[in-house]
Amino acid sequence: MLFIRMLRRVGQSPACGCWTPALPVRFLGISPRQIPADANFHSASFSDTDHPRVLITGGLGQLGVGLANLLRKRFGKDSVILSDIRKPPDHVFHSGPFIYSDILDYKNLREIVVNNRITWLFHYSALLSAVGEANVPLARAVNITGLHNILDVAAEHNLRLFVPSTIGAFGPTSPRNPTPDLCIQRPRTIYGVSKVHAELMGEYYHYRYGLDFRCLRYPGIISADSQPGGGTTDYAVQIFHDAAKHGKFECNLEAHTRLPMMYIDDCLRATLEVMEAPAESLSMRTYNVSAMSFTPEELAQEVLKHVPEFQITYNVDAVRQAIADSWPMKFDDSNARKDWGWKHDFDLPELVTTMLNFHGSETRVAQAN
């Protein structure tokens, strides 16, 4: 691959005769991924009466379908395209546009963006913490190489880009209670490393090329209508399934393991709010967001108020426990609350009531059938 180095004259006068090397530019011929050293990208503009054209990658995960539903209510059914490499269930396929999208295939991504005139991109494709540790090469490919493709296509086509980050972006040397937006980050999972990489690359593209990159560090996300997806905080989802169906739950984390959490409705609303926030209101490009922090023991005590016969036991998974012990106990999300008005709706009692109402009614229907 040929590299060229551009020279730029410095000084006020052309007679100075002084030359200094500019940033090297990778010469890619006719490749769509060529980005000149002096490129300056800006988010595609649309009038107040227009809606963004949205693409969601990794759309069949825990958050994609819910986000698509929220955005379709806001912008119209046909303005939001859900995508994944898996075949969608019938209810998802018939709820709005769905297409195949492989984030490791740059040409496929580019065609989707061009053919559908995409202006906003939500990048949810990723292998989560525990799953990533079981298959590091795949996690590296999806979480890092895939991200590079997303950044390049977003920069090339002037998209507003959202990439979620996580409590997993912090490590055992980070302050844990509370964890601020800006502090040392030395995660010890491939998932966490890839998310720090995403934060830094996104911010680099913003400052270097003007890419409208926005990122939220999610806490553990709890949702009623999705199955656990291999994350360390997934015990806080599984407990409701098991409490409603069996009246008992075996937890793979220690009883006093405190982690920040959030109900999915708050998470999706925060995501939309930060994407709609005026650029001038954002003092940074990556924010912590949170709603509550609790331990398995505290969660079980709240469940007991609704299910008196509920029992919890502990069978600690050493890998997941080590991950949890390196993560924040509580997020400081004061910057999000100050800059763009973030405010959560669900605390622990509301969360438990909502989750048990959903799973309780689901269990009663199954029993009746």
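The figures that follow rest on heavy atoms only: side chains count, while hydrogens, waters and symmetry mates do not. In this chain, numbering begins with 1 at the start of the sequence shown.
In terms of heavy-atom proximity, Phe358 sits nearest to Ala224 at CE2-O, 3.2 Å. The shortest heavy-atom contact between Pro260 and Ser290 is CB-OG, 3.7 Å.
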Q.
Thr313 vs Cys251, test: side-chain contact (heavy atoms from CB on, under 4.5 Å). Steps then yes/no.
A. CA-CA 6 Å; Thr313 56; Cys251 184; over 6 Å; no
Q.
As a quick check of understanding, evaluate side-chain contact (heavy atoms from CB on, under 4.5 Å) for Phe240 and Ile222, giving each step before the final call.
A. CA-CA 10 Å; Phe240 295 105; Ile222 302 171; 4.3 Å; yes
(Q) As a quick check of understanding, evaluate side-chain hydrogen bond (donor to acceptor under 3.5 Å, both in side chains) for Tyr287 and Asp339, giving each step before the final call. (A) CA-CA 10 Å; Tyr287 288 90; Asp339 287 359; 2.7 Å; yes
Q: Could you please spell out the steps behind the side-chain contact (heavy atoms from CB on, under 4.5 Å) verdict for Ile150 and Leu121?
A: CA-CA 9 Å; Ile150 292 291; Leu121 199 163; 4.2 Å; yes
Q: Evaluate the criterion side-chain contact (heavy atoms from CB on, under 4.5 Å) for residue pair Arg140 and Thr145; output intermediate values, then yes/no.
A: CA-CA 7 Å; Arg140 188 173 62 232; Thr145 303; 5.7 Å; no
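More than 12 heavy atoms of other residues, nucleotides or ligands sit less than 6.0 Å from atom CG of Leu282. For Arg337, the CZ atom counts as densely surrounded, since its 6.0 Å shell holds more than 12 non-hydrogen atoms of other residues, nucleotides or ligands. Other residues, nucleotides and ligands contribute at most 12 non-hydrogen atoms within 6.0 Å of the CG atom of Asp90.
Taking the six-membered ring where tryptophan is involved, the planes of His241 and His359 are tilted, since the angle between them lies from 30° to 60°. Between His148 and His197, the ring planes are tilted. Angles from 30° to 60° get that label. The aromatic rings of Tyr204 and Tyr209 sit perpendicular, their planes meeting at an angle over 60°, well past the 30° parallel limit. Classification of the Phe122-Tyr124 ring pair by plane angle, with boundaries at 30° and 60°, yields parallel.
Of the possible polar contacts, none joining the Ser326 side chain to the Gly171 backbone as a donor-acceptor pair under 3.5 Å is found. Distance alone, capped at 3.5 Å, is enough to place a donor-acceptor pair between the Asn116 side chain and the Ile112 backbone. Formation of a donor-acceptor pair under 3.5 Å by the Ser129 side chain with backbone atoms of Thr232 is found in this model. Judged purely by atom type and a 3.5 angstrom limit, Asp333 has no side-chain atom pairing as donor or acceptor with the backbone of Asn288. Thr166 places no side-chain N or O within donor-acceptor distance of the main-chain N or O of Arg217, the cut-off being under 3.5 Å. The main-chain N or O of Thr119 is never found under 3.5 Å from a side-chain atom of Arg160 such that the two would form a donor-acceptor pair. Proximity of a side-chain donor or acceptor of Asp332 to a complementary backbone N or O of Thr179 within less than 3.5 Å is not detected.
For the residue pair Glu199 / Ser165, a side-chain donor-acceptor distance below 3.5 Å is found, with atom types taken as modelled. Side-chain contact check for His123 and Thr57: at least one donor-acceptor pair (N or O, by modelled atom type) lies under 3.5 Å. At a cut-off of 3.5 Å, with distance as the only test, no side-chain donor of Ser223 or Tyr263 sits close to an acceptor on the other residue. For the residue pair Tyr314/Glu297, the side-chain donor-acceptor check at 3.5 Å is not satisfied. Asp181 and Asn335 share a donor-acceptor pair across their side chains, judged by distance under 3.5 Å alone.
Inter-residue side-chain proximity for Trp340 and Pro278 is flagged as unmet; no heavy-atom pair is nearer than 4.5 Å. Contact check for Asn143 versus Ile190: no side-chain heavy atoms found under the 4.5 Å cut-off. Using a 4.5 Å cut-off on side-chain heavy atoms (C-beta onward), Tyr218 and Leu216 make contact. Put simply, the side chain of Leu259 reaches to within 4.5 Å of the side chain of Leu253, judged on heavy atoms.
Salt-bridge annotation for Lys107 and Glu111: present, with a side-chain N of the basic residue lying under 4.0 Å from a carboxylate O of the acidic one. Using a cutoff of 4.0 Å between basic side-chain nitrogens and carboxylate oxygens, Glu276 and Arg74 are scored as salt-bridged. By the 4.0 Å N-to-carboxylate-O rule, Arg258 lies close enough to Glu298 to be salt-bridged with it. Classification of Asp78 and Arg72 as a salt-bridged pair fails, no side-chain N sitting under 4.0 Å from a carboxylate O. Ion pairing between a basic and an acidic side chain is recognised when a charged N comes within 4.0 Å of a carboxylate O; Arg285 and Asp212 show such pairing.
Hydrophobic cluster membership is shared by Val65 and Leu70, with clusters built from Ile, Leu, Val, Met, Phe, Trp and Tyr side chains linked at under 4.5 angstrom.
Within the model, atoms CD1 of Ile56 and CD1 of Ile81 stand 10.0 Å from one another, a figure rounded to the nearest 0.5 Å. Note: Lys77 NZ to Leu71 CG = 15.0 Å, rounded to the nearest 0.5 Å. Here the CE atom belonging to Met201 is positioned 11.5 Å from the CD atom belonging to Glu203, to the nearest 0.5 angstrom.
Screening Ile312, Asn252, Asp317 for a side-chain contact (heavy atoms from CB on, under 4.5 Å) involving Tyr235 leaves a single residue, Asn252.
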